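Comments concern the structure below.
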Amino acid sequence: METGYSDQAYRWNRDNYSSRRRFVDIWGFVLTLMFKLWRYNKSWSYPGGVTESKQVARRKSQAVWIRNTLLDLGPTFIKVGQLFSTRADIFPGEYVEELAKLQDKVPAFSYEQVEASIEQELGKKIPELFHSFEPIPLAAASLGQVHKAVLHTGESVVVKVQRPGLKKLFEIDLQILKGITRYFQNHPKWGRGRDWLGIYDECCRILWEEIDYLNEGRNADTFRRNFRGYEWVKVPRVYWRYASPKVLTLEYVPGIKISQYEALEAAGLDRKVLARQGAQAYLLQLLNNGFFHADPHPGNIAVSPTGDLIFYDFGMMGQIKSNVREGLMETLFGIAQKDGDRVVQSLIDLGAIAPTDDMGPVRRSVQYMLDNFMDQPFENQSVAAISDDLYELAYNQPFRFPATFTFVMRAFSTLEGVGKGLDPEFNFMEVAQPYAMQLITNMNGPDNNSFINELSRQAVQVSTTAFGLPRRLEDTLEKLERGDMRVRVRSIETERLLRRQSNIQLGTTYALIITGFTLSATILLVNSFVWLSVLAGLIAAALAVILIRLLSRLDRYDRMY
């Protein structure tokens, strides 16, 4: 990954931030981006003419520039970029791909700042809390950094310390971003069909949750409890006596990074087993509790010397509610039956599609996908290929994939890539197949009679619809009375007659004006005003040409209808 940092990189990394400087930096980025987007559609900006390959190359270069600029702008924009990488319905695939690469590795802050933060948060100096404390961090990121330490009880731990001044920087940046969001929401082009204010609120919520280390500690405890019956999964224990909103102390659980394939082989570990266990661990997260790691990149997964999987960093977690699982099953049944209408309705219920006045194009797109992309056996499908197809389908359409859905798809793609690195023959779908079958079986009930259950489910659905019909009719009439609903009726014959009447009236107006200019030209010529007479005659002739074209168009419309 390119670094591409400019001279202003890490200008935000200071105790006192300048609101005016941040305003200039942020709006400078936004205005430059708007200019690049405007220039993208201008054919003159492509030397030798515009081609598809040139447009793709420009999108890729713009995506790299956006990612590097977000790195320069600091923690707020790194996290916002990571969140935007889940919005394939808004941004082109090249942008989503680059934003997903955002890894916030930034210079560490000083040990003196670490000492001050720990003392302020925990109320004691480092020697009183720890037997030893390494001043050089194990890792540094935009939100904080991690130091290794030993408690007075002899237990090895890691201490995660938040970057000083982060809250103040967030407040400044989010206030500026709010103004930018309002501008885009009111923009005639980019604001149409987009809930930018809703996206802003979601980003704010996730950002404030991620810098609350107590929330991260609770997530780690929940994750560890969910895997307490699986000895091959390890989660660091939280030391709550040494925790605060800005400091988090965790058990030190060293391991080999799961993407360091040579080191794993040198340790005598079976890479094929690790590939399957990585996929199984994530499927268990989704199916057992619906509480899953939303950022399982290779840096957050390690392997112990005994072959156990170790998970780190629980700041960004996702949760799937029970009603969402039922909705996903409805989508799954629709896909199995290749029923586009059923899939679209289930996606609307899930909030994955925003309903519009005309859902025809969406239904046709979904049906096209079902007819052309779902013919391969389940185990032969690729998660990355499916994700690309879905994102391409969603871009600039009424699709609104929820962040949870995109986090899951991205995690699947990441794990599939890691699995293929561990084992070239690894197939994520092959591992997932028995879990999917188990889920379908559980939804169908103990008798495992899917046909009877589906028939009874549809019967219940029909009866529910029938009982709810009077109420729906009443709601529709109330909306009509309040003016919340408008009915559009189109009559081709009426439109033809109105168009003909309008053209006749326009023709009559032109004829009167032509008559007036012709009479004026005659009078001027009789009184020896030759040039004025010629001018009036030319105007009358021009209007006569327009009138003839209008009459010919009227005659053509009559023949068409």
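The model shown is predicted, which means the values in this text are computed figures rather than measured ones. When a residue number appears, it is its place in the shown sequence, counting from 1. FYI, side chains are in, hydrogens and waters are out, and symmetry mates aren't considered; it's all heavy atoms of this structure.
From H152, atom NE2 reaches atom CG of L129 across 7.0 Å, with rounding to the nearest 0.5 Å. Rounding to the nearest 0.5 angstrom, the gap separating the CD1 atom in I301 from the CD atom in Q277 is 12.0 Å. With values rounded to the nearest 0.5 angstrom, F292 atom CZ is found 13.0 Å from N226 atom CG. Between atom OH of residue Y230 and atom CG of residue L284 there is a gap of 4.5 Å, rounded to the nearest 0.5 Å. Here F227 contributes atom CZ and W232 contributes atom CH2; the two are 6.5 Å apart, rounded to the nearest 0.5 Å. Note that CG of L73 is 6.0 Å distant from CZ of R22, once rounded to the nearest 0.5 Å.
Residue K60 qualifies as open at atom NZ: its count of foreign heavy atoms under 6.0 Å is 12 or below.
Closest non-hydrogen pair, V159 versus A149, comes out as CG2-CB, 4.1 Å. Between P254 and I310 the shortest heavy-atom distance is O-CD1, 3.4 Å. Nearest heavy-atom pair, T249 versus Y242, reported as atom, atom and distance to 0.1 Å: OG1-O, 2.8 Å. When all heavy atoms of L138 and V158 are compared, the closest pair comes out as CD1-CG1, 4.0 Å. Of all non-hydrogen atoms in P236 and E251, the two that sit nearest each other are CB-O, 3.5 Å. Of all heavy-atom pairs between Y312 and G255, the closest is OH-N, 3.8 Å.
There is a side-chain donor-acceptor pair under 3.5 Å between Y40 and R59. Side-chain N/O atoms of T222 and R225 include a donor and acceptor closer than 3.5 Å. A donor-acceptor contact closer than 3.5 angstrom links the side chains of Q113 and S110. For Y95 and Q62, the side-chain atoms include at least one donor-acceptor pair closer than 3.5 Å.
Residues D270 and L274 form no side-chain contact, since every pair of their non-hydrogen atoms from C-beta on lies 4.5 Å or further apart. Looking at Q162 and D212, their side chains never come closer than 4.5 Å, going by heavy atoms from C-beta outward. In this structure, the side chains of T69 and L71 stay at 4.5 Å or more apart for every pair of heavy atoms. Between L143 and I78, the closest side-chain pair of non-hydrogen atoms is not below 4.5 Å. Looking at heavy atoms from C-beta onward, L250 lies out of side-chain contact with R237 at the 4.5 angstrom threshold. Residues P137 and F109 have side chains not in contact (no heavy-atom distance under 4.5 Å, counting atoms from C-beta outward). Under the 4.5 Å side-chain criterion, counting only non-hydrogen atoms from C-beta, L174 is in contact with W208. A heavy-atom distance below 4.5 Å is not found between the side chains of Q175 and E171.
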Check the pair I26 / I180 against side chain to side chain contact (heavy atoms under 4.5 Å, CB included), numbers first and verdict last. CA-CA 9 Å; I26 294 169; I180 294 172; 3.5 Å; yes
Just do the side chain to side chain contact (heavy atoms under 4.5 Å, CB included) check on I172 and T76 with the steps written out, would you? CA-CA 10 Å; I172 294 172; T76 313; over 6 Å; no
Show your working on side chain to side chain contact (heavy atoms under 4.5 Å, CB included) between V233 and D308 and close with a plain yes or no. CA-CA 6 Å; V233 175; D308 300 329; over 6 Å; no
Using the rule given for salt bridge (charged side-chain N to carboxylate O under 4.0 Å, His left out), can you reason through D221 versus R224, listing the C-alpha separation, both sets of side-chain angles and the distance that settles it, and then say yes or no? CA-CA 5 Å; D221 276 353; R224 190 179 65 259; 2.9 Å; yes
Steps toward side chain to side chain contact (heavy atoms under 4.5 Å, CB included) verdict (L33, W65): CA-CA 9 Å; L33 177 60; W65 172 80; 4.0 Å; yes
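The cationic atom of K234 (NZ for Lys, CZ for Arg) does not lie both less than 6.0 Å from the six-membered ring centre of F311 and within 45° of the ring axis.
Salt bridge status for R271 with E265: present, with a side-chain N to carboxylate O gap under 4.0 Å. Here E210 pairs with K79 in a salt bridge; the nearest charged N to carboxylate O distance falls below 4.0 Å. Remark: K160 engages D313 in a salt bridge, criterion side-chain N to carboxylate O under 4.0 Å.
Qualifying salt bridge (Lys or Arg N to Asp or Glu O under 4.0 Å) partners for K246, counting only residues two or more places apart in sequence or in other chains: none. Checked against salt bridge (Lys or Arg N to Asp or Glu O under 4.0 Å), K54 has no partners two or more places apart in sequence or in another chain. Considering only residues two or more places apart in sequence or on other chains, D423 meets the salt bridge (Lys or Arg N to Asp or Glu O under 4.0 Å) condition with none of them. With sequence neighbours excluded, no residue forms a ring-ring contact (aromatic ring centres under 6.0 Å, His included) with Y239. Applying the side-chain contact (heavy atoms from CB on, under 4.5 Å) criterion to A263, with sequence neighbours excluded, gives I256, Q260. Contacts of R205 classified as salt bridge (Lys or Arg N to Asp or Glu O under 4.0 Å), with partners at least two apart in sequence or in another chain: E209.
By the 30° and 60° cut-offs, the orientation of the rings of F314 relative to F223 is tilted. Ring-plane geometry between F130 and F133 is classed as tilted, the angle between the planes lying from 30 to 60 degrees on a 0 to 90 degree scale.
Side-chain N or O atoms of S61 include one that pairs as donor or acceptor with a backbone N or O of R58 at under 3.5 Å. Without hydrogens or angle criteria, S156 side chain to V150 main chain gives no donor-acceptor distance under 3.5 Å. Looking at H147, its side chain does come within 3.5 Å of a backbone N or O of E134 through a donor-acceptor pair. Of the possible donor and acceptor atoms, none in the side chain of E119 sits under 3.5 Å from a partner among the backbone N and O of I126.
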